[in-house]
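Data first, discussion second: the structure below is written as structure tokens.
The residues of the chain are indexed from 1 along the displayed sequence. Computed from a prediction, not measured in an experiment: that's the story for all the values here.
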Amino acid sequence: MQVTASKKQIWTAGSYSLLTLSIMVGFMYLNAFATEVLKIPASTLATVLLIAKSIDFVVSMFGGVIIEKVKMGNKGKYQGWLNVGRWILFICIAVEVFPTAGPVWLRCLIMAAGYTVLNSLMNLIQTAYYGIIGIVAGPNPANRSAMTVNMTRQGTVVTLITSFIPTLVSKLQFGQWNYFIVALVFALPMPFALGAIAKMADGKDQPIVKGGAAAGAPRITIKDMIDCLIHNPMLLVLFLVNVILNIGNNILSNQNVYYWMYVAGDFSKMTVNSLFMAFVAFFAAIIMPKLGAKLGKRGAMCFGYIWSAVSFFLRWYVARFGWVWMMISNAVAAVGMYTYMPYAMLLWMDVGEWYLHKTGKDTRGICMGLASPPMKIGMAVGGTIGLKLLASSGYVAGFTPDAAWVTKFMNGAYLVPAICVTISAVIFILFYRISDADATRYAQENAAKMAAQKQQ
């Protein structure tokens with residue numbers, strides 16, 4: 001099927017990658033900010049973030065229902081969440097890395113408040129974004145793929161920009177304000193990008209009536225959400241696979257910065273690695289999605305998951321011998337990741353189309369909303385495990401590592417995630433069964449039925 005969306009629509013949809021740019025300081029370096037700037041002990045930080053992530057998880061579970069029921073702004077069901085939520089996000093990005101003084105409990109409270117609101121709102125922003133993609137792209141899978149692939153490719157520019165974060169937060173001359181200033185500058189383009197994405201759905205998004213429900217749409221309840229998750233086997237597979245995958249990724253991401261601080265022994269080397277990875281990502285994002293398109297969504301995911309598992313084990317084994325080996329293994333991981341990453345979210349849209357086709361109940365928004373809880377579970381469980389593993393390795397701020405500590409650290413930071421990724425790959429390969437042809441048929445038949453219902 002040919003792409004029928006306009007180039008402007010494809011590029012505007014891709015600008016969602018600027019959201020990643022805006023949250024990256026807090027997402028990747030919050031632990032370092034909290035332990036090194038706020039001087040919060042690692043074990044205390046783990047407990048505080050577990051509470052914050054638990055709240056975030058609860059919101060993520062009900063994200064689809066919240067969007068169905070709560071009116072936000074004066075426009076459509078999805079548009080309002082982008083139009084209003086973008087400014088709340090901007091404020092929370094700054095609060096999250098504000099260099100608060102005072103007692104430990106106050107530092108923890110302000111940081112956790114920014115973190116909790118930001119990440120809870122992200123669940124709704126992501127669901128609203130993919131809802132708009134579905135509306136603007138229509139039932140044409142080529143349109144949907146074009147938009148998500150373009151977002152991935154624009155994301156490589158974001159990767160290039162964020163590669164300077166380690167240098168900026170450690171070399172700028174603003175002391176404890178470095179993280180705050182960098183985060184604020186990186187967040188500036190985000191509200192305007194989300195506003196442009198929302199505008200694409202003018203006249204297409206479902207209007208909101210008093211009481212919060214979309215006009216002309218049946219009410220979606222919490223029971224519908226639970227039934228959708230329980231009785232949609234492909235959704236259950238995606239949910240489980242992504243929970244395990246995100247646990248592994250967050251165990252790694254919560255400790256990765258300490259590799260550069262204490263194993264490589266030079267935090268500035270992280271900038272070199274990030275710059276190198278930005279260029280690798282740029283070329284991988286151009287080349288590898290084409291391979292993914294030939295393999296089909298399911299084939300691309302299978303290939304990418306297997307590649308990722310192998311690359312995780314490679315990173316664990318070779319990176320202890322030097323930071324150059326870490327760069328090489330990171331590059332290997334990136335090549336495989338860009339094979340499947342542009343298509344990952346489309347699977348959540350496909351399982352929503354499948355359920356609508358089977359039951360007549362439109363829970364597509366809920367299915368897309370349920371893409372967030374695995375990330376939140378991963379952040380809560382993986383983040384907590386990662387910090388606990390870091391603490392159990394003998395880490396304390398400013399210490400001098402020895403060979404025994406490096407071995408413990410590498411096992412906790414890289415071997416455990418490698419095992420998680422392998423398990424998720426096996427589950428997906430064995431149990432996910434929706435083909436591209438079936439997904440296209442479901443979407444087109446659903447669109448035809450809903451168009452016929454509107455004319456009645």
What's the verdict on side chain to side chain contact (heavy atoms under 4.5 Å, CB included) for I93 and M190, showing C-alpha distance, side-chain angles and the deciding distance?
-> CA-CA 11 Å; I93 285 165; M190 174 270 296; 4.0 Å; yes
Could you walk me through whether R298 and R433 pass the side chain to side chain contact (heavy atoms under 4.5 Å, CB included) check?
-> CA-CA 8 Å; R298 184 181 181 279; R433 289 287 177 261; 2.8 Å; yes
Residue pair F303, Y340: steps toward the ring-ring contact (aromatic ring centres under 6.0 Å, His included) verdict = CA-CA 8 Å; F303 175 86; Y340 73 88; 9.3 Å; no
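Looking only at distances, no side-chain donor or acceptor of Y78 sits under 3.5 Å from a matching main-chain atom of A201. Panel note: side chain N178, backbone L172; a donor-acceptor pair is recorded below 3.5 Å. Formation of a donor-acceptor pair under 3.5 Å by the N143 side chain with backbone atoms of A137 is found in this model. For T127 (side chain) and L124 (main-chain N/O), no donor-acceptor pair under 3.5 Å exists by modelled atom type.
In this structure, D205 does not pair ionically with K77, as no charged nitrogen and carboxylate oxygen lie closer than 4.0 Å. The pair K297-D350 meets the salt-bridge criterion, since a charged nitrogen lies less than 4.0 angstrom from a carboxylate oxygen. Taking the charged nitrogens against the carboxylate oxygens, K53 and D56 have no contact shorter than 4.0 Å, which rules out a salt bridge.
Taking the six-membered ring wherever Trp is involved, the centroid distance between the rings of Y432 and F428 falls below 6.0 Å. You'll find the ring centres of W177 and F98 inside the 6.0 Å limit.
When all heavy atoms are compared, the tightest approach of A334 to V280 is CB-CG1, 4.2 Å.
Contacts classified as salt bridge (Lys or Arg N to Asp or Glu O under 4.0 Å) and involving residues 140-163 (residues at least two apart or in different chains) are given here: R144-E353.
Judged by distance alone, the side chains of D202 and Q79 do bring a donor and an acceptor atom under 3.5 Å apart. Side chains of T35 and Y258: a donor on one and an acceptor on the other come within 3.5 Å. With hydrogens and angles left out, the side-chain atoms of S424 and N242 include no donor and acceptor closer than 3.5 Å.
Rounding to the nearest 0.5 Å places CE of M147 at 15.0 Å from OH of Y16. Considering OG1 of T12 and CE of M151, their distance stands at 13.5 Å, rounded to 0.5 Å.
By the 30° and 60° cut-offs, the orientation of the rings of F313 relative to W316 is perpendicular.
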